[in-house]
2 protein chains.
Amino acid sequence: MTRDIPPYDPLPRSTVRAGARPTARHLAERLGVATSTITRAFDEHSRISEKLRQRILALADEMGYQPSAIARSLNRRRTGIIALVMGDMANPFYPAVLEEFSLQLRRTGRQVLLFVVPPGGDADQLMPQVLQYQVDAIVVTAAKLSSPMSNLCGRQGVPVVFMNRRVGDPTVWSVCCDNECMGAAVAEYLVGQNRRHCAFVSGDLDVSTTTDRLRGFERGLAAHGQRLIACVQGGYTYAGAREAASRLFGTGQAKIDAVFCANDVMALGVLSHLRLNTSLRVPQDVAVVGFDDIRDAAYPENSLTTVRQPVREMIECAIGLLDEGRPGGSVAQALREVPGRLVLRSTA
Amino acid sequence: MTRDIPPYDPLPRSTVRAGARPTARHLAERLGVATSTITRAFDEHSRISEKLRQRILALADEMGYQPSAIARSLNRRRTGIIALVMGDMANPFYPAVLEEFSLQLRRTGRQVLLFVVPPGGDADQLMPQVLQYQVDAIVVTAAKLSSPMSNLCGRQGVPVVFMNRRVGDPTVWSVCCDNECMGAAVAEYLVGQNRRHCAFVSGDLDVSTTTDRLRGFERGLAAHGQRLIACVQGGYTYAGAREAASRLFGTGQAKIDAVFCANDVMALGVLSHLRLNTSLRVPQDVAVVGFDDIRDAAYPENSLTTVRQPVREMIECAIGLLDEGRPGGSVAQALREVPGRLVLRSTA
DNA sequence: AGCCTTCGTGCAATCGTGTGCACACATGGG
DNA sequence: CCCATGTGTGCACACGATTGCACGAAGGCT
């Protein structure tokens, strides 16, 4: 032990105070080792004698020590935090997405920092706060994000994934159900059931999710020489869809015998209107088809025919993309489509 | 400028690399100032000349610089992150709570780190991860947390608030609706409507939310010389409640003319059973009352009479408690009850 | 016995920001 | 003219963990 003795104590004041969180330094002092050794005890791949590791872990357990994820993040320049920016919590589809996202991410040791976009609000305003927290990636769903803002994320090296929405920007990923195909599949099915007067209840017409489904639906109808009879806005909400239905089935309208809705919440609104305010029978007089396959769709009093969005697979896909960084190629290459499935129940 | 020149360059290598996030140091180099000056430009209460501050903010804007919340958290020992631990995302009441929580917290510049407890799971397993992230407080809702675990949080100085659940632990806060009062109010109302054979559909009987409502309900009945005819478990779910209803209204049962359910989801399940599988009319033959006042309760085809939980006020209360640290006194003092309100619609 | 490799640990710098202290300079009062 | 008071800025260290490098010890090989 002829090592130079440094001129001052490298751990000058005892840092053990009651009521504060223990740090690696506290453990190090108690065991007479360096803080770096504490680190290594918690790292699977570090070289450290098994005996010492066990002593450290035991003491950590006793003192309630856990390495600080904040300090680690600073050093590693990875926080393990994924920002989830989400609007429209009123549609049960999105809480379901949220739940699945959270569960899947935790399996890989990552956390969800949630940002709810207030109804009618804009994700842009949130982005400064999102970026301050040095999140590893951003997932946006049911919300708008301007192109300058997603560029800002790009400049900072933060990958962005849109869930259930497609944007014409090759620098961000998009993960969707194959909306257009499924729209066509619905048309196909309805025509096969001898429906001849189909209508569509849309969400916002500037959102890909709605327009893709609509385009597919019209294409499917056209393939059988038919055309859409009516297209009304339902604003993605139950109340909006009831309103829309009252317009569709108001007096003096063409006789509609099938309604395809851009989501389940609206389909349930349409059903509600038909049952309470008309004498039309579902499905005999009018077929109703939704999209998403939310939990309520399967309830026996609804028993809604709908398109199932494969939430688990879509999220697996999105999480896979997070780890790839930012898309390299064209708009088409930045899009991932996961196949949906038509679920036949009692309304069509 | 006769200041001593230090023996080495304090900012040795130029740190401006493309593709990386700009830091205070990058700005400092560009402007020839110290990094601490950059900090001060972003702090309202720091002394700094207005002119220099403007120059700094302008450059920050141009370079896309934002102070790192991670580094700041390390220094200040406050992260501004609140952990929200939540189970039962299938009940729309909780996403609504989540949304409101997130919006209210952001108003005070704080963020939500979300932990979803998988169905049937336990919050205990999540706590190590929660604590690693040095959250400023933990809010638990619709999930169980063991006493040793909440003690661990206590030792680390992290306040814990239970939302919509009461625990017998004076070291953690609880925020509830005045469940027992409202249970009594429901009984009062039903008896006043000449209901004489009341039943209760419970959630888990080891959760205060259910037992308080039940106790109040029984107390209210007793005040009018009545007793509960039946009490069945609905497991908080729609399917469970349908099942429970089929037992309540199965053949050979006493004639029940009112059902009070521990939440709206179950009340809707009971309604569904009554409408689809019996010839009983609601409310003429049977009254149904729920609890929560979720969005679906107000839909015209449900029009459910229920108890409104004042979500906004409960969350305001919970957030107020977060800032107070940990409760100091008795179990009773650690409980905050916010008054609910009976909402009369068409089912009772 | 001597050399080389492997193992286990300490040292010190680093991540990016916040903050107490010191210092230079300007201002005002006596 | 001198001193007390403010103002604006830099310096250096702290926050808590990670990590490349160095070094001593141990063990295998010839």
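- The distance between atom CZ of A:R21 and atom P of D:dC15, rounded to the nearest whole Å, is 15 Å.
- Computed from coordinates, the A:Q132 CD to C:dG18 P distance equals 9 Å when rounded to whole Å.
- Separating the CD1 atom of A:I48 from the C1' atom of C:dT6 is a distance of 16 Å, rounded to the nearest angstrom.
- Within the model, atoms OG of B:S73 and CD of A:Q132 stand 9.5 Å from one another, a figure rounded to the nearest 0.5 Å.
- In this structure, B:H45 places its NE2 atom 18 Å from C1' of D:dT7, rounding to the nearest Å.
- Distance check, rounded to the nearest 0.5 Å: CE of A:M86 to CD of B:E99 gives 10.0 Å.
- Whole-Å rounding puts the A:Y133 OH to C:dC15 P distance at 22 Å.
- The separation between A:L27 atom CG and C:dG10 atom P is 13 Å, rounded to whole Å.
- As judged by a 4.0 angstrom heavy-atom cut-off over every strand, A:I70 is placed among residues making no nucleic acid contact.
- For residues 38-58 of chain B, the set of pairs meeting the salt bridge (charged side-chain N to carboxylate O under 4.0 Å, His left out) definition, not counting sequence neighbours, comprises B:E50-B:R53.
- Residue pairs meeting the salt bridge (charged side-chain N to carboxylate O under 4.0 Å, His left out) criterion with at least one member in residues 317-327 of chain B, sequence neighbours excluded: B:R110-B:D323.
- Spacing between atom CZ of B:R53 and atom C1' of D:dT9 amounts to 14 Å, rounded to whole angstrom units.
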Discussion item. Please encode protein proximity along nucleotides 17-24 of chain D as a string of B, S and -, counting only heavy-atom distances under 4.0 Å.
Written reply: BBBB----
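- Within the structure, the salt bridge (charged side-chain N to carboxylate O under 4.0 Å, His left out) test picks out the following pairs touching residues 136-149 of chain A (sequence neighbours left out): A:K144-A:D206.
- Here B:E313 pairs with nothing under the side-chain hydrogen bond (donor to acceptor under 3.5 Å, both in side chains) rule; sequence neighbours left out.
- Judged as a ring-ring contact (aromatic ring centres under 6.0 Å, His included), and not counting sequence neighbours, A:Y133 has no contacts.
- In this structure B:Q104 satisfies the side-chain hydrogen bond (donor to acceptor under 3.5 Å, both in side chains) test together with B:E100, sequence neighbours excluded.
- Axis orientation changes by 50° from one end of the helix from C:dA1-D:dT30 to C:dG30-D:dC1 to the other, with each end axis drawn from 5 pairs and the value rounded to 10°.
- Contacts of A:A142 classified as side-chain contact (heavy atoms from CB on, under 4.5 Å), with partners at least two apart in sequence or in another chain: A:D88, A:Y94.
- One can place CZ of A:R77 at 16 Å from C1' of D:dG16, the figure rounded to the nearest angstrom.
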